[in-house]
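Structure record follows, encoded as structure tokens.
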Amino acid sequence: MTAEACGLYLDYSKNLITDDTLTLLVDLAHDRNLSQRITAMFAGAHINVSEDRPALHVALRMPAGTPLMVDGVDVVVAVHEVLDRMAGFAGQIRSGAWLGHSGQPIRNVVNIGIGGSDLGPVMAHEALRHYSHPDLTMRFVSNVDATDLVEATADLDAAETLFIVASKTFTTTETMTNAASARAWLVDALGDTAAVSRHFVAVSTATERVAAFGIDPANMFGFWDWVGGRYSMDSAIGLSTMIAVGPDHFADLLAGFHAMDEHFRTAPLHHNLPVLMGLLAVWYRNFFGAQTMGVMPYDHYLSRFPAYLQQLTMESNGKHVTLAGQRVDHDTGAVYWGEPGTNGQHSFFQLIHQGTTLIPVDLIGFARSLNPVGSHHDLLTANLFAQAQALAFGRTLDEVINAGVDPAMAPHRVMDGNRPSNVVLADALTPFQLGTLVALYEHSVFTQAAIWDIDAFDQWGVELGKALAATIANDLMATTDPDATHDSSTNALIARYRRTSPS
Ligand code: G6Q
């Protein structure tokens, strides 16, 4: 029960399965037409049914010269045109050739975006720090809480700061509010509105809105409506990543994504890493009622990987109707969460080992550290292997008593075992390997969605809160007390806030 592809070795032997289980799960995948769905995704079919468009993130990492026609346009040509422009711009920032309004080179890059326009870039920035330009400071602002922007810019010199406004729609309230305040901060510091053109670039699909904001469309890097936000870190949304690590490393990252795409597209389901991981997720969710899945990277550079995965998995598969709009009759997406090992072991692992809830975990490690110091890495990896072993095999009452523990106290130390885990092992955290890892989870999510017959590429559940917030914001900012048009609880909260808020 191991499988290997694209430099990732998957040990799935410590799962609650037999060979028969696996055969049955693969049969289920066939029943659900997984292979046809994969083909449809790669062909640019409108698999995002509720938004009637393709989900074609795999085109973002196709090598130049691989034609892929969507609605009469070769999207791979378009992808590489943008990548080339990004490389040119990133090169100018990295070399110091791009000068700010006062003639100084850029030393600070602040990405303003949220959700899919933030979590991937943040995760990649942390993951690839080892490869990052040593003289560039990268910051990320997402929250509409001004504290985020204020703290991110507090120690920055505006004359040396570039803002990337990353927003697919260029309408997102948080991002537009932060971008407007960042512009005010810059203009205030440099004393000239003309400074904006040297200090703001945009990543978006909305050229007119970018221009209306005051950013020259020549300084805009585009992408397409067939790229979902949470699948966009390898599009122009990755501009901050490319500036940090350079175009060559970004190309390696894309090559890693593409290698896993090809594996997913072509490998038999039995040996297909994303399919195996997706089917195991379905197995625990639907047959064991597991509500959560832990992902624990044993690499500190991957500290934001679980947060990134939370959006990828939960926004994709947290759905309650089928593709045809019928209410599902089975559970769908699990809650994903995690922390880097070994830190998690000293906080919540207790519950995974001895709690009353089944929590399957993925443990991700690397054979080689990017920061080899003494025995740190062997200790780190020993802990990863030990956790998988302890979860699987536990410790019986007899073993505890035989070890000399007072029989009355022995039950506290018993560990049932049979707690499932996957171990994913690679040689080292390179840009290529990061690409393979992200694509592994993207396609595992897709596999789960295919089994569950749901749309993994929409996110209608986030819309109501946005609309209500817009109405409530008007009430909070009104100069005279607004009519009490909400439910009684919300009316009271608004009234109380207005009594004490200085605004
Ligand atoms: C991701 C979602 C969502 C989106 C943000 C930001 O799949 O669509 O997280 O990325 O709401 O949207 P904009 O990029 O349009 O600002």
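Predicted model, so just to flag it, every value in this text is computed and none were measured. Every number for a ligand or one of its atoms is a count from 1 in the order of the listing.
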Does the pair Gln326 and Val321 meet the rule for a side chain to side chain contact (heavy atoms under 4.5 Å, CB included), with working shown?
CA-CA 5 Å; Gln326 307 291 321; Val321 297; 6.0 Å; no
Evaluate the side chain to side chain contact (heavy atoms under 4.5 Å, CB included) criterion for residues Leu34 and Val275: first the C-alpha distance (whole Å), next the side-chain angles of each, then the deciding distance (0.1 Å), finally the verdict.
CA-CA 9 Å; Leu34 176 61; Val275 172; 3.9 Å; yes
Derivation of the side chain to side chain contact (heavy atoms under 4.5 Å, CB included) call for Val438 and Met260
CA-CA 9 Å; Val438 175; Met260 185 55 75; over 6 Å; no
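Nearest protein neighbour of atom 12 (O) of ligand 1, counting heavy atoms only, is Thr172 OG1, 3.5 Å. Nearest protein neighbour of atom 2 (C) of ligand 1, counting heavy atoms only, is Glu315 OE1, 3.5 Å. Summary of contacts: the protein heavy atom closest to atom 10 (O) of ligand 1 is Gly116 N, 2.9 Å. In terms of protein heavy-atom proximity, atom 15 (O) of ligand 1 is closest to Thr169 OG1, 2.6 Å.
Counting the atoms of ligand 1 from 1 in the order shown, those under 4.0 Å from a heavy atom of Ile114 are 5 (C), 6 (C), 10 (O). Close contacts between ligand 1 and Ser117 involve ligand atoms 10 (O), 13 (P), 14 (O) [criterion: under 4.0 Å to a heavy atom]. Close contacts of ligand 1 with Ser167, meaning ligand atoms under 4.0 Å from a residue heavy atom, involve 13 (P), 14 (O), 15 (O), 16 (O). Those atoms of ligand 1 that come under 4.0 Å of a heavy atom in Gly229, given as number and element, are 1 (C), 7 (O), 10 (O).
Ring geometry, Tyr441 versus Phe305: the interplanar angle exceeds 60°, so the pair is classed perpendicular (tilted spans 30 to 60°).
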Name the atoms and distances for all side-chain donor-acceptor pairs under 3.5 Å in residues 285-294, with sequence neighbours left out.
from   : atom 1 : to     : atom 2 : distance (Å)
Arg285 : NE     : Thr332 : O      : 2.5
Arg285 : NH1    : Ala290 : O      : 2.9
Asn286 : OD1    : Trp452 : NE1    : 2.6
Asn286 : ND2    : Asp331 : O      : 2.9
Thr292 : OG1    : Trp337 : NE1    : 3.0

Please list, one pair per line, the donor and acceptor atoms closer than 3.5 Å that link side chains of residues 62-78 to other protein atoms, with sequence neighbours excluded.
from  : atom 1 : to    : atom 2 : distance (Å)
Thr66 : OG1    : Pro63 : O      : 2.6
Asp74 : OD1    : Leu68 : N      : 3.2
Asp74 : OD1    : Val76 : N      : 3.1

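Distances from ligand 1 to the non-hydrogen atoms of Gln311 include at least one value under 4.0 Å.
Residue nearest to atom 11 (O) of ligand 1, selected from Gln459, Met176, Lys466, Arg230: Lys466 (by heavy-atom distance).
Asn178 places a side-chain N or O within 3.5 Å of a backbone atom of Asn143 that can act as its donor or acceptor partner.
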